[in-house]
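Quick note: residue numbers are just sequence positions, from 1. Just so we're clear, the structure is a prediction, and the values are computed from it rather than from any experiment.
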Amino acid sequence: MLHRAALLALRGFGAVESNPMVGCVIGREDGTVLGLGHYRRYGGPHAEVDALRNCRERGHDPRGATVWVTLEPCCCHQKTPPCTEALIKAGVARVVAARRDPHPAAVGGLEQLEAAGIEVTVESGCALATGAAASFVHRVETRLPWVIGKWAQTIDGRTATRSGESQWITGPVARRHVHQLRGRVDAILTGMGTVDADDPTLTCRGVHARRTARRVVIDPMLEICPKSRLLSTLDQAPLTILTSFDAPAHARRSLEDLGVDVVPLPEDDETGLDIKEGLLHLAVMNDVSVVMTEAGSGVLGELLDLGLMHEAWVYVGSVLMGDVAARGALAGEERVRLSDASRMTLMHTKRLGQDVLLRYRVGDTDR
């Protein structure tokens with residue numbers, strides 16, 4: 001039931017941030033489903049209220065039922081009334097939540113239900129359910145956005161030929177899916193290597209966009225070409241450039257005159273620009289909750305090394321390169337032992353034409 005609630009929660013991706021994605025199933029302990037719901041849009045009814053509505057539309061009475069929900073029901077008055085009040089009024093007998101809500105305003109939801117005589121349980125055994133609100137929890141606890149590392153690779157793990165050719169490893173169905181993802185995140189991060197090589201626009205095209213992603217470029221010395229497509233499409237999506245305090249002042253003024261948000265960051269000789277500080281700027285100043293990377297191996301490797309990558313969305317094309325000199329996805333720190341590798345948890349798989357999307361969460365939940 002929590003797995004089903006998690007699948008419902010994910011329907012809200014791109015429509016509910018900076019609030020959490022939440023899904024809810026109301027049913028009986030024998031597996032009978034009475035109502036389904038999820039948080040559909042920012043400021044709208046919460047998942048529990050949506051599920052209660054669906055329950056009644058189906059002609060079912062939720063009294064005595066069990067509620068499975070991916071996040072602790074809220075007990076505070078904000079844009080909507082407290083979900084705890086709705087559940088108590090409905091007369092449900094039991095609430096099973098996948099995880100606690102860490103937001104200070106939401107503390108005490110389960111205790112309020114318990115005080116009303118409702119049995120409450122926190123059940124963290126379903127990784128998809130506990131992970132549904134992970135980006136929200138991460139931002140509450142760290143103030144930083146959630147970062148998705150995205151790349152396309154061949155079956156043997158190569159992202160480009162030895163000469164750098166990469167278009168196209170995946171087919172049209174997978175590429176359309178990437179555009180859908182662009183239309184659901186708050187920001188798309190890339191580096192100057194990708195900008196120089198591909199001259200991308202990083203806009204969402206050919207699909208319905210739930211939001212317009214801010215383009216973010218790591219450009220330490222403001223070397224972006226004035227004729228780049230990122231600069232010629234400022235009317236389509238905003239652009240932030242993360243740069244060094246040592247970047248030329250005239251270049252910064254020129255970009256700011258165009259409407260570019262230029263953000264100088266501290267740096268050191270070993271790690272370069274303080275990317276963590278840049279991500280914090282995006283969260284605080286631009287209300288960015290979820291960032292997707294469309295970058296080369298250097299940026300992806302740095303994010304992983306710094307512990308700033310939280311998910312990996314790997315699009316595997318039906319192609320075998322078979323060339324030892326072809327390029328890999330990440331170029332990070334030297335790791336000579338298998339025990340040094342970053343452990344991942346497979347959260348979801350999806351077939352896209354002849355290609356496959358593998359969605360991983362960084363970290364090993366079995367340990």
Side-chain angles (χ1 to χ4, degrees), residues 1-41 44-52 54-55 62 65-75 83-84 86-87 92-103 106-111 113-114 118-141 146 148 184 289-290 310-313 343-350 357-367:
M1 290 293 199
L2 281 177
H3 181 83
R4 189 165 186 177
L7 293 177
L8 290 167
L10 296 177
R11 295 181 181 181
F13 181 28
V16 303
E17 293 82 1
S18 56
N19 282 343
M21 292 181 285
V22 184
C24 180
V25 175
I26 299 175
R28 307 291 183 194
E29 295 293 338
D30 64 2
T32 302
V33 173
L34 304 179
L36 305 170
H38 68 282
Y39 188 36
R40 298 171 182 270
R41 59 178 179 81
H46 288 188
E48 299 92 327
V49 174
D50 191 45
L52 287 170
N54 181 250
C55 189
T66 295
V67 176
W68 289 270
V69 62
T70 57
L71 188 68
E72 176 181 12
C74 69
C75 60
C83 292
T84 50
L87 293 172
V92 302
R94 183 175 179 230
V95 173
V96 181
R99 72 186 306 164
R100 287 274 195 171
D101 189 333
H103 198 285
V107 171
L110 292 182
E111 286 77 10
L113 293 172
E114 199 166 31
I118 297 173
E119 180 186 348
V120 299
T121 306
V122 178
E123 174 54 67
S124 59
C126 176
L128 195 65
T130 57
S135 61
F136 168 78
V137 172
H138 174 74
R139 187 171 176 189
V140 169
E141 294 178 344
W146 187 260
I148 299 171
R184 295 192 175 194
S289 294
V290 181
H310 309 106
E311 287 190 42
W313 289 45
R343 294 286 171 179
M344 316 289 281
T345 298
L346 180 62
M347 304 296 292
H348 184 64
T349 63
K350 184 178 181 67
L357 168 62
L358 304 175
R359 180 183 168 191
Y360 293 94
R361 182 70 46 80
V362 176
D364 189 346
T365 60
D366 294 331
R367 296 190 177 189

Whether the side chain of E72 engages the backbone of G109 through a donor-acceptor N/O pair (distance < 3.5 Å, no angle test) should be reported. yes
Which value, rounded to the nearest 0.5 Å, describes the distance between H348 atom NE2 and R361 atom CZ? 12.5 Å
Show me the pairs that pass side-chain hydrogen bond (donor to acceptor under 3.5 Å, both in side chains) and involve residues 129-141, at least two apart or across chains. H138-T142, H138-H310, R139-D287, R139-S289
CD1 on I148 to OH on Y360, rounded to 0.5 Å: 15.5 Å
At their closest point, which heavy atom of R40 faces which heavy atom of A15, and how far apart are they? O-CB, 3.3 Å
Closest heavy-atom contact between V22 and A47? O-CB, 3.4 Å
Do the side chains of R94 and V67 get nearer than 4.5 Å, heavy atoms only? no
Tell me, do L71 and R99 make a side-chain contact under 4.5 Å, heavy atoms counted? yes
Identify the heavy atoms of C24 and A5 that sit nearest to each other, and give their distance. N-CB, 4.0 Å
L346 side, atom CG; L358 side, atom CG - distance, nearest 0.5 Å: 6.5 Å
Over all atoms of both residues, closest heavy-atom pair of N54 and L36: OD1-N, 2.8 Å
Kindly state each residue pair satisfying side-chain hydrogen bond (donor to acceptor under 3.5 Å, both in side chains) with at least one member in residues 9-23, sequence neighbours excluded. N19-Y39
Contacts of type side chain to side chain contact (heavy atoms under 4.5 Å, CB included), residue C75, not counting sequence neighbours: T84, Q112
Atom CD in E119, atom OG1 in T66: separation rounded to 0.5 Å? 7.5 Å
Is the shortest side-chain heavy-atom distance between M347 and T345 below 4.5 Å? yes
Give a yes or no answer on whether the side chain of T70 reaches the backbone of G23 with a donor-acceptor pair at less than 3.5 Å. yes
Closest heavy-atom pair and its distance - G37, L8: O-CD1, 3.8 Å
Heavy-atom check, side chain of P73 versus side chain of L110, under 4.5 Å: yes
Check: M1 and V33 side chains under 4.5 Å, non-hydrogen atoms: yes
At their closest point, which heavy atom of E123 faces which heavy atom of V96, and how far apart are they? CB-CG1, 3.8 Å
One should read off an interatomic distance between L34 CG and R28 CZ, to the nearest 0.5 angstrom, of 5.0 Å
Is there side-chain contact between R4 and W68, with at least one heavy-atom pair below 4.5 Å? no
So do L10 and L128 actually touch side chain to side chain, heavy atoms under 4.5 Å? yes
